[in-house]
Novice: 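I have a structure I would like to understand better, so I am pasting it below and will then ask my questions one at a time.
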Amino acid sequence: MLDPKRLRKDTDFVIDNLKRRGYVFDIDTWTKLETKRKDLQSKNETQQSQLNDISKEIGLAKKDGKDISSLQDKASNLTQEIKEQTKILDELLRAIEEFTLSIPNLIDIDVPDGKDETDNLEIRKHGSPKEFTFIVKDHLEIADKEIDMEAGVKITGSRFKVFKNEIAQLQRALISFMVDTHVSENGYEEVYVPYIVNKDSLLGTGQLPKFEEDLFKLDNKNEFYLTSTAEVPVTNLLREEIFDSVSLPIKYVCHTPCFRSEAGSYGKDTRGIMRLHQFEKVELVQAVEASDSEEALEELTGHAESILKKLDLPYRVVSLCSGDIGFSAAKTYDLEVWVPSQNAYREISSCSNFRDFQARRLKARWKRSGDKNTELLHTLNGSGLALSRTVLAILENFQESDGSVSVPDALRGYLNKDSILG
RNA sequence: GGAGAGGUGGCUGAGUGGUUGAAAGCGCUCCCCUGCUAAGGGAGUAUAGGGUAAUCCCCUAUCGAGGGUUCGAAUCCCUCUCUCUCCGCCA
């Protein structure tokens, strides 16, 4: 959620910034709603104040045994009026909330301008695509028995897969490797969280109200949803909390499955395990003081990169352009891993700075000890990394001519193998 | 699933429908006192919205959440939710 005060004061700036995303901010509607609200609210509060005074008077008069009937009439009328007005005010507030919740975040100055993913800016490259002396296979050809497409369809439906034997082991090893690295080398605190989340949590991180169609909703009166990313439960650990400055920065790492409806991606990445309704992910979440968030994004991105480096996977970092960046993010770096079978870099991690956008929705704050005033936290997160795509990348980048796959050095201790599928 | 008891400030814990945003204690901050320490004395110590350029000041709201009764609700009524205890079931 944007800062309403900023909207009021810096309106032109906000409009221009949102325009870079291609979002047209309806300033007229907003101004109308806000002006009305301000009038009604201050009127309402003044009357409430009057009523409070009269009520106190009644109390005192009653004690002294004085006549209170005229005061009571006055109060009665006032109460009636306030009730009617509050109804209107509540409706107005609801309308304003709905409106402001659907406005995306402002983007940082250094976010490149552009329309879509083709305009994303490459920041740096690490490693280079390996030259193969044989015709490369894709991950399904490499592990056709261990990645069971039929079984996933039988059990559930399309975009569900079953991993068997060495692929299941590989994924499990990767999860341990990633979480361990982030805990012991990068200073994150490991958390385990619910995979089912409520509406408030999804509102807090920005998946709702605008992106309900991306989620799996449970048929349940509580209005629960399957979590689409650990970002939701983990960031919501901060909701309605006030942290002391000494406890910052907060750094969580969490492995969860992720459930996504993938609405609107029919026919896209239908082969293999690139895009699934259910996949595993290790997620990094940070909460920092406002002045530290730019640096924190660089740091967090570096942490995600460190996994790719340790696994010897070639990748590049791109800065998402204004037209491609997500609703809640102020700035996003995508890490894209080299996929030999597609001869392309594909997203394997997305690292974002949300600044105070989520924190305002979440009421996630901090303050200096002894200080009176609270400040909104800045939240960040990034995948470190998405598991099924890491499995895919390892299979394809480390494939050998004999059909086996060599295991990256960093992983050998976790898998107790130098080579799989041999 | 059955039965019962509860959700009050950073914590513990009072609270007969009427200056209670909330006693008291603990903790914390500042000041005073004391050679230092300990003890003692004093003051302060929730969050949000609005009025405002303003973190001073003023108003409003908030005692799990949402409704209701009332001139007035932490206090009465209803619904929901969460926690705890006992029984049952279960990994």
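The sequence lines fix the lettering, A, B, ..., with proteins before strands; numbering per chain opens at 1. Values reported hereafter were calculated over all heavy atoms of this structure, with side chains retained and with hydrogens, waters and symmetry mates removed.
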Novice: At under 4.0 Å between heavy atoms, which parts of nucleotides 48-58 of chain B does protein reach? Answer with one letter per nucleotide, 5' to 3': B base, S sugar-phosphate only, - none.
Specialist: SBSS---B---
Novice: Tell me which nucleotide among rA46(B), rU60(B), rC71(B) gets nearest to the side chain of Lys62(A).
Specialist: rC71(B)
Novice: Can you list everything that forms a ring-ring contact (aromatic ring centres under 6.0 Å, His included) with Phe163(A)? Sequence neighbours excluded, please.
Specialist: none
Novice: Name the pairs: protein N/O against N/O of nucleotides 73-80 of chain B, kept only if under 3.5 Å.
Specialist:
none

Novice: Under a 4.0 Å heavy-atom cut-off, which of residues 67-77 of chain A touch RNA chain B?
Specialist: Gln72(A), Ala75(A), Ser76(A)
Novice: For Arg239(A), which residues count as a salt bridge (Lys or Arg N to Asp or Glu O under 4.0 Å) partner, sequence neighbours excluded?
Specialist: none
Novice: Going by salt bridge (Lys or Arg N to Asp or Glu O under 4.0 Å), name the residues that satisfy it together with Glu336(A), two or more places apart in sequence or in a different chain.
Specialist: Arg316(A)
Novice: Across the strands shown, which category fits Ile54(A) at heavy-atom distances under 4.0 angstrom: base, sugar-phosphate, nothing?
Specialist: nothing
Novice: Please, what dot-bracket string fits RNA chain B when only Watson-Crick and G-U pairs with both distances under 3.5 Å count, crossing ones use [ ] and pairs to another strand use |?
Specialist: ((((((((.[[[..)..(.....]]]((((((.......))))))((((((.....)))))).[[[[[..)....]]]]])))))))....
Novice: Please, which pairs that meet salt bridge (Lys or Arg N to Asp or Glu O under 4.0 Å) have at least one residue in residues 81-107 of chain A, sequence neighbours excluded?
Specialist: none
Novice: Just to verify, what does Asp214(A) make a salt bridge (Lys or Arg N to Asp or Glu O under 4.0 Å) with, not counting sequence neighbours?
Specialist: none
Novice: Would you mind listing every salt bridge (Lys or Arg N to Asp or Glu O under 4.0 Å) that reaches into residues 99-111 of chain A, with sequence neighbours excluded?
Specialist: Asp108(A)-Arg355(A), Asp110(A)-Lys331(A)
Novice: Who are the salt bridge (Lys or Arg N to Asp or Glu O under 4.0 Å) partners of Asp16(A), not counting sequence neighbours?
Specialist: none
Novice: Under the rule for ring-ring contact (aromatic ring centres under 6.0 Å, His included), what residues qualify as partners of Tyr252(A), not counting sequence neighbours?
Specialist: none
